[in-house]
Amino acid sequence: MKQVSRRYPQADGFLEILQAADLAIWPGELVALVAPSGTGKSTLLHVAGLLEKPDDGEVFVGGVATSQMDDSGRTRLRREEIGFVYQFHHLLPELSALENVMIPQQVRGYRRSEAKDRAGQILKFLGLGERLTHRPAELSGGEQQRVAIARAVANAPRLLLADEPTGNLDPHTAGHVFQTLMAIVRASRLAALIATHNMELAAKMDRRVTIRDGKIIQLS
């Protein structure tokens, strides 16, 4: 993100969320985004993930500028290059863990047999080899979130964006899920930006950044 600004109209003017903000994340790097509620963490993730366009500045994904892309180009880039993990897993309840991870691959154009093989490999890597046929209701909270992580990386994206991915989990389960997330980032050389209030987990990442007066500030 280079000199990115994002503002929202209000009755008496504009609410400035991001102001000429800069941020670069590199392959294999986990960056923690820690900031109080209301400072713009979700806006930053939405802009970085091409869900919102910046008002000024540029967002590059894999060196490709995105601000002038049309909607279909941005959608394609999101589908192929960016993975999203949210606080709630958002798995489809009627499908198995395996089927949930197959879906984004089939949307991209993989054959069903290939998507099934890839989904199985990812889930086994994440320690879910015995849970492939289980539906979300049959999985624990930590297992559900690991399936969500598998789904997010199923298309081998360049960038992973996570918004409080362990926020609904107890401390022990949160730590286990985070270790899983770290392992897959390291193994696949993803660039990962993870918003979290958990300072213990943030301390284990490569860098920590925050948002202050619309700027992205390096903490360490």
Side-chain angles (χ1 to χ4, degrees), residues 25-34 41-42 45 48-49 78-93 95-105 108 110 114-209:
I25 307 174
W26 307 106
E29 184 181 38
L30 287 112
V31 178
L33 173 59
V34 291
K41 294 194 303 295
S42 294
L45 291 170
R78 276 198 307 272
R79 184 174 62 239
E80 297 179 1
E81 303 286 2
I82 304 173
F84 297 90
V85 181
Y86 299 99
Q87 184 170 347
F88 187 70
H89 55 77
H90 295 298
L91 300 175
L92 296 176
L95 300 182
S96 68
L98 188 70
E99 291 166 335
N100 267 282
V101 181
M102 288 171 61
I103 284 178
Q105 299 177 71
R108 185 172 177 179
Y110 286 104
E114 187 176 5
K116 184 176 181 180
D117 287 343
R118 286 166 53 89
Q121 290 173 10
I122 297 169
L123 288 168
K124 288 173 184 175
F125 178 84
L126 297 181
L128 295 169
E130 303 299 318
R131 295 287 190 266
L132 301 184
T133 60
H134 288 59
R135 294 184 179 181
E138 301 171 306
L139 302 173
S140 69
E143 288 170 339
Q144 292 170 348
Q145 198 64 323
R146 278 185 280 161
V147 174
I149 291 169
R151 180 183 57 190
V153 302
N155 282 336
R158 290 177 182 265
L159 174 65
L160 180 68
L161 300 171
D163 193 357
E164 296 288 348
T166 63
N168 282 331
L169 306 175
D170 65 81
H172 175 76
T173 304
H176 186 64
V177 168
F178 176 74
Q179 290 300 324
T180 300
L181 182 60
M182 179 178 288
I184 204 162
V185 167
R186 301 296 192 218
S188 58
R189 300 279 301 159
L190 275 166
L193 178 62
I194 302 173
T196 181
H197 284 107
N198 189 323
M199 298 307 294
E200 182 178 349
L201 296 184
K204 296 178 181 179
M205 299 190 216
D206 300 310
R207 282 191 290 135
R208 285 145 294 281
V209 300

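- Nearest heavy-atom pair, Ala162 versus Leu45, reported as atom, atom and distance to 0.1 Å: O-CD1, 4.0 Å.
- For the pairing with Leu30, the side-chain contact (heavy atoms from CB on, under 4.5 Å) check across Leu160, Asp206, Ile25 returns one residue only, Asp206.
- Of the possible donor and acceptor atoms, one in the side chain of Arg118 sits under 3.5 Å from a partner among the backbone N and O of Ala154.
- Residue-environment remark: NZ (Lys124) stays at or below the threshold of 12 foreign heavy atoms within 6.0 Å.
- Counted within 6.0 Å of CD on Glu200, heavy atoms from surrounding residues, nucleotides or ligands total 12 or fewer; the atom is thus considered open.
- The minimum heavy-atom distance linking Ile122 with Ala150 is given by the pair CG2-CB, 3.6 Å.
- Considering CZ of Phe178 and CE of Met205, their distance stands at 4.5 Å, rounded to 0.5 Å.
- Remark: side-chain polar atoms of Asn100 are paired, donor with acceptor, to backbone N or O of Leu92 under 3.5 angstrom.
- We find the NZ-CD distance between Lys116 and Glu99 to be 9.0 Å, quoted to the nearest 0.5 Å.
- Between Ala48 and Leu159, the shortest heavy-atom distance links the atoms O-CD2, 4.0 Å.
- Not a single donor-acceptor pair under 3.5 Å links the side chain of Gln179 to the backbone N or O of Ala174.
- Taking all atoms of both residues into account, the shortest heavy-atom contact from Tyr86 to Gln145 is O-NE2, 2.8 Å.
- With rounding to the nearest 0.5 Å, the separation of CD1 in Ile149 from CD1 in Ile184 is 7.5 Å.
- At distances below 3.5 Å, not a single donor-acceptor pair connects side-chain atoms of Arg208 with backbone N or O atoms of Val34.
- Rounding to the nearest 0.5 angstrom, the gap separating the CG atom in Asn155 from the CD atom in Glu80 is 8.0 Å.
- By the 4.5 Å heavy-atom criterion applied to side chains, Leu190 and Arg158 are not counted as neighbours.
- Residue Arg146 holds its CZ atom at 12.0 Å from CG of Leu181, rounded to the nearest 0.5 Å.
- For Val185 against Ala192, the heavy-atom pair with the smallest separation is CG2-CB, 3.9 Å.
- Side-chain atoms of Arg207 and Glu29, non-hydrogen and from C-beta on, do get closer than 4.5 Å to each other.
- A distance of 6.5 Å separates CD1 of Ile82 from CG of Leu161, quoted to the nearest 0.5 Å.
- The shortest non-hydrogen separation linking Ala202 to Ala32 is CB-CB, 3.8 Å.
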Atom pairs and distances, side-chain donor-acceptor, residues 128-136, under 3.5 Å, sequence neighbours left out:
| unit_1 | atom_1 | unit_2 | atom_2 | d |
| --- | --- | --- | --- | --- |
| Arg131 | NE | Glu143 | OE2 | 3.2 |
| Arg135 | NE | Glu94 | O | 3.4 |

